[in-house]
Amino acid sequence: MPELPEVETIKLGLQKYLIGHTIKDVKVNKERLVSGDTTSILNAKVVKISRFGKGLVIDLSNKQSIAIHIKMTGQLIYRGSNMPVNSRPDYKKIGKLPGNFTHVTFLLDNGALYYNDMRQFGWIKILRSNKVKELSFFKSLGPEPLKDLDLKTFQSIVKNRKNPIKSILMEQKLIAGIGNIYANDALFVAKINPKRLSCTLSEKEIKNLFNAIEKVLKKGLETHGASKNHFVNALGETGNYQDFFKVYARVGKPCVDCGTKIQKIMFLGRGTFYCPNCQN
DNA sequence: AGTATCCTGGAA
DNA sequence: TTCCAGGATACT
């Protein structure tokens, strides 16, 4: 599921409900997904929640942190102790918590945070706050779009390589946070074929792509993420970006610009969607 | 650059 | 029953 807009949406929700609250207990049902000492965060207060690429970091008052990557099917859902669960609008989708896929539960002084992960690809690492940046995932992250990725940096990333442009967009070491959905849609907005080698892009195309990345990520943020599959926000509610997909998951449907049928191919091991007319 | 891999469920 | 799924990594 989750790419930059989705993880950012979760982050904003967690900030709202967790900051200033104390972790009273941690229950781990799937040891494989968790590393570090869970007792080291008991009675610590949540002071800060950050996102780096598709990763989340919860900083605690005792200089410990919880680093989380939810990968494909992870969910972080908060339920306050005073929320009447059965009446929640998301209850039908999420159901009882903890549920079958709840692998970790953080009990707080104001409720609980549940980590669900059907495919169990995600991870939660508990460690000293000053060690987070040493984790290989965070250490190797490239610049953040909408933040420290400027056009000049983007140009040098693109020009100096002869990889397919789609692989560059999705490479977290080069640019943080873009995954398959937003890579597909950004390439469509910029009218660039996903297979094009990056070094063959003109100045104009690079600029268009840079703007397209901003545009689709901002739309993703505005619509609170894409909930085609498992993504839900910190309250278990779905997002709306799936209603604005340009090409992603729209195989056989008409291109929003020219009406040509959107094609799907397997490329770089991922479903790749494009308009054969607009994206030559 | 391509493929297998960690898992499970839903769609075809 | 087979294939596919938005991630990241470790191989060839």
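Only a predicted model underlies this, so the values are computations on that prediction, with no experimental measurement involved. Each chain gets a letter, A, B and so on, in the order the sequences are listed, and its residues count up from 1.
- For A:D117 and C:dA5, the CG to P distance is 18 Å, given to the nearest whole Å.
- For the pair A:I265 CD1 and C:dA5 C1', the computed distance is 17 Å after rounding to whole Å.
- Residue A:K71 has no polar side-chain atom (N or O) positioned under 4.0 Å from OP1 or OP2 of C:dA8.
- Within the nucleic acid shown, A:G122 has no heavy atom closer than 4.0 Å to any nucleic acid atom.
- Stretches of at least 3 consecutive Watson-Crick or G-U wobble pairs, with each checked distance under 3.5 Å, appear in DNA chain B as B:1-6 with C:7-12, B:8-12 with C:1-5.
- The number of heavy-atom neighbours closer than 6.0 Å to NZ of A:K166, taken from other residues, nucleotides and ligands shown, is above 12.
- If you take atom P in B:dT3 and the same atom in C:dC3, they sit 15 Å apart, rounded to whole Å.
- If you take CE of A:M266 and C1' of C:dA5, they are 9 Å apart, rounded to a whole angstrom.
- For the pair A:I68 CD1 and C:dA8 P, the computed distance is 15 Å after rounding to whole Å.
- A:I41 and A:L56 fall within the same hydrophobic cluster, where Ile, Leu, Val, Met, Phe, Trp and Tyr residues are linked whenever their side-chain heavy atoms come under 4.5 Å apart, directly or through other members.
- Taking both residues in full, the closest heavy atoms of A:Q155 and A:I206 are given as CG-CG2, 3.7 Å, listed atom of the first, atom of the second, then distance.
- The separation of C:dT1 from B:dC7, taken at their P atoms, amounts to 22 Å, rounded to a whole angstrom.
- Distance A:L174 CG to C:dT9 P: 13 Å, rounded to the nearest Å.
- Rounding to the nearest 0.5 angstrom, the gap separating the OG1 atom in A:T38 from the CD atom in A:Q64 is 11.0 Å.
- Ion pairing between A:E6 and A:K54 fails under the 4.0 Å rule for side-chain N and carboxylate O.
- Checked options A:L97, A:L18, A:I10; the residue passing with A:Y78 is A:L18 (criterion: side chain to side chain contact (heavy atoms under 4.5 Å, CB included)).
- Salt-bridge check for A:K191 with A:E205: failed, with every basic side-chain N at 4.0 Å or more from each acidic carboxylate O.
- Rounded to whole Å, atom C1' of B:dC6 lies 17 Å from atom CD of A:E31.
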Quick one: which protein N/O atoms are closer than 3.5 Å to N/O atoms of nucleotides 1-4 of chain B? Pair and distance per line, please.
| residue | atom | partner | partner atom | Å |
| --- | --- | --- | --- | --- |
| B:dA1 | OP1 | A:N163 | OD1 | 3.4 |

Open item on the list: Determine whether A:H224 and A:E237 satisfy the following criterion, side-chain contact (heavy atoms from CB on, under 4.5 Å), listing intermediate values before the conclusion.
Closed with: CA-CA 10 Å; A:H224 312 293; A:E237 299 161 329; over 6 Å; no
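- Aromatic ring orientation, A:F154 versus A:F210: tilted (interplanar angle from 30° to 60°).
- Between A:Q172 atom CD and C:dG7 atom P the separation is 8 Å, expressed in whole Å.
- Contact between the side-chain N/O atoms of A:K228 and the OP1/OP2 oxygens of C:dA5 is not found at any separation under 4.0 Å.
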Open item on the list: Return a single string for nucleotides 7-12 of chain B, one symbol per nucleotide in 5' to 3' order, where B is base contact, S is sugar-phosphate-only contact and - is none, cutoff 4.0 angstrom on heavy atoms.
Closed with: BBS---
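- Between A:K30 and A:Q120, the shortest heavy-atom contact is CE-OE1, 3.5 Å.
- Side chains of A:N184 and A:Y182: no donor on one and acceptor on the other come within 3.5 Å.
- By the 6.0 Å and 45° rule, A:K219 does not stack over the aromatic ring of A:Y241.
- OP1 or OP2 of C:dA8 has at least one side-chain nitrogen or oxygen of A:H69 nearer than 4.0 Å.
- Separating the CE atom of A:M170 from the P atom of C:dA8 is a distance of 8 Å, rounded to the nearest angstrom.
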